[in-house]
Amino acid sequence: MSRGQLYLVDTIAGDPEALQADAETYYEKLVKKSLSTPDVFSIPGGGEVKLEDSCVCFVPLYRNNPACKLLLLTDPKDKETVLAVYLSQRWWPVEDVVKTADPSRDGLILVQTIGERIVLFVLNCIIFGMLEGSSANDAFFLPHSATECAKILWRNGEAAAFYSIKMKGSLCDGTTSQCYLLPVLDTIFVRRKYRRGGLGMKMLHDFCQSFLAEDALGISCPISAAMYQVCQKFLQAHLEEQKRLWEVEAPGDWSQRVNIWLKIQMESPPSRKAEVGSCMEKTPTSKPRQSDMDQMNKGVEYFPGVGKVAGVATEKKDDITAARTLNSQGPEGEDLEQGAGSAQQNKGLRKRPGPGDLAGDKASKQFKATP
């Protein structure tokens, strides 16, 4: 690969704190109007945005570490639209952040490096949370924790999907000493252009194959209608998994589990198409407590052709997203976004987190990302 072909995930390395310090230095110069570099950002596809302090903000990279932040550029005409991320002394368009020039980065890869953590953040909080989510669901999208176990599915040189897991023995949240009693599929998301391609099924299968020694595996409750369809298709093809997959509430005691295959056989999922999924645990109808908000990102999974399951309904019927509950459009078309585990549906929430809200460690509005 030539140097000119490399993208952020291919080059970035080092201490996250050093990256943040670099961004803070840039921000100070921007505020003082002492930058030696051009003061405009060229939007891919045409147009320019003047770089001003009123158009940039810092947001937490991790849910459990507000001190580690990213600098985002928003559209001056629409402050809920994210245009770029500042890293390694330059602005990266959102779409470039999730691209790679490394041919070996293909298929499902465990998130390990700081670059991959940033890609996960952009997929979850910007692309899923803003660009490909529908305001109709008003779901919160908070970053994953710094230690969240997650995999990104790379396809055609870019990040196409991801899913995250609550590991057995990990703490349910930061306010209790309860730990998960089994591995739980917490969030899952497939980008709109990759839906209906079987990626949801692929990730569900990978999840099961990753824990062959476990007698029981969980998917965060509640499971959306779309996700039920994905599970049904998967379990029909993999009979050996019918006794292992459970819909669970944290921490996953036997009294908090329902066998998914048995439930599919005994009752029909909601007749209406699931259009909203949440990457949060069950969300109350009233304003959530901070402890509730801290767990919102647990169940986002999106399966193309399946529907929404992760926490936001897409703008099109075929773009149904699921957070925590995997909503699906049907076995043939996975359009899945699911938030399992700690993702709750945000029935009572009116606003989604936007750049400014995340910067203040609040989740009230949602911001979008430009294609």
Side-chain angles (χ1 to χ4, degrees), residues 7-9 43-45 59-61 63 70 72-75 78 80-87 91-100 111 115-135 137 139-144 148 150-164 187-195 197 199-200 203 276-280 296-297 299-304 308-316 318-323 334-339 343 352-355 358 363 365-371:
Y7 291 98
L8 178 69
V9 72
I43 302 174
V59 299
L61 173 60
R63 183 174 67 242
L70 292 178
L72 306 183
L73 173 66
T74 61
D75 189 335
D78 180 3
E80 295 183 356
T81 297
V82 176
L83 300 175
V85 181
Y86 187 84
L87 287 161
W91 285 104
W92 294 83
V94 169
E95 284 295 330
D96 283 356
V97 175
V98 296
K99 290 182 179 179
T100 180
V111 173
E116 291 165 342
R117 287 286 170 190
I118 292 170
V119 171
L120 180 64
F121 171 88
V122 170
L123 283 174
N124 178 45
C125 293
I126 298 180
I127 293 179
F128 168 64
M130 284 124 247
L131 177 62
E132 299 188 5
S134 168
S135 60
N137 299 311
F140 288 102
F141 298 90
L142 298 181
H144 292 93
E148 194 92 2
K151 288 186 178 182
I152 294 174
L153 199 161
W154 297 87
R155 177 72 59 87
N156 301 326
E158 62 181 354
F162 77 83
Y163 79 90
S164 68
T187 65
I188 180 170
F189 168 68
V190 176
R191 298 192 63 186
R192 184 175 298 166
K193 60 185 174 181
Y194 287 103
R195 295 169 192 174
L199 299 191
M203 289 188 286
V276 177
S278 165
C279 300
M280 307 178 268
M296 289 180 172
N297 271 346
V300 176
E301 176 170 345
Y302 188 100
F303 294 106
K308 298 184 178 184
V309 181
V312 175
T314 57
E315 298 176 356
K316 300 179 181 179
D318 289 344
D319 297 330
I320 293 177
T321 332
E334 297 180 344
D335 289 345
L336 212 335
E337 296 174 7
Q338 153 91 27
R352 296 165 166 180
L358 288 177
K365 293 196 302 182
Q366 182 148 358
F367 47 102
K368 306 173 184 176
T370 56

**Prompt:** What closest approach, in Å, do Val97 and Val119 show between heavy atoms, and which atom pair accounts for it?
**Reply:** O-CG2, 3.4 Å
**Request:** Just jot down the side-chain contact (heavy atoms from CB on, under 4.5 Å) partners of Lys151, sequence neighbours excluded, or say none.
**Result:** Leu108, Leu110, Tyr163, Asp206, Ser210
**Message:** Can you confirm whether Leu8 sits close enough to Asp96 that some side-chain heavy atom of one is under 4.5 Å from a side-chain heavy atom of the other?
**Reply:** no
**Prompt:** Are any of the side-chain heavy atoms of Met203 and Val190 separated by less than 4.5 Å?
**Reply:** yes
**Asked** Is there a side-chain contact between Thr74 and Glu80 (heavy atoms, below 4.5 Å)?
**Response** no
**Prompt:** CZ of Phe189 to CZ of Arg195: how many Å apart, nearest 0.5 Å?
**Reply:** 5.5 Å
**Message:** I need the minimum non-hydrogen distance between Lys99 and Val9, along with the two atoms involved.
**Reply:** O-CG1, 3.4 Å
**Item:** Ring geometry between Trp91 and Tyr86 (parallel below 30°, tilted from 30 to 60°, perpendicular above 60°)
**Value:** perpendicular
**Fill in**
Ala159 and Leu123 have their tightest heavy-atom pair at CB-CD1, 3.7 Å
**Asked** Atom CZ of Phe162 and atom CG of Leu120: how far apart are they, to the nearest 0.5 Å?
**Response** 5.5 Å
**Prompt:** Where is the tightest heavy-atom contact between Tyr7 and Thr100, given as atom of each residue plus distance?
**Reply:** CD1-C, 3.6 Å
**Prompt:** Rounded to the nearest 0.5 Å, what separation is found between the CZ atom of Arg117 and the CD atom of Glu148?
**Reply:** 7.5 Å
**Request:** Hey, could you give me the CG/OG1 distance between Leu72 and Thr81, rounded to the nearest 0.5 Å?
**Result:** 12.0 Å
**Smallest separation among heavy atoms of Tyr194 and Leu199, with atom names** = CB-CD1, 3.8 Å
**Message:** I need the minimum non-hydrogen distance between Leu70 and Phe121, along with the two atoms involved.
**Reply:** CD1-CD2, 3.8 Å
**Item:** Backbone N/O of Ala160 and side chain of Arg191: donor-acceptor pair under 3.5 Å
**Value:** no
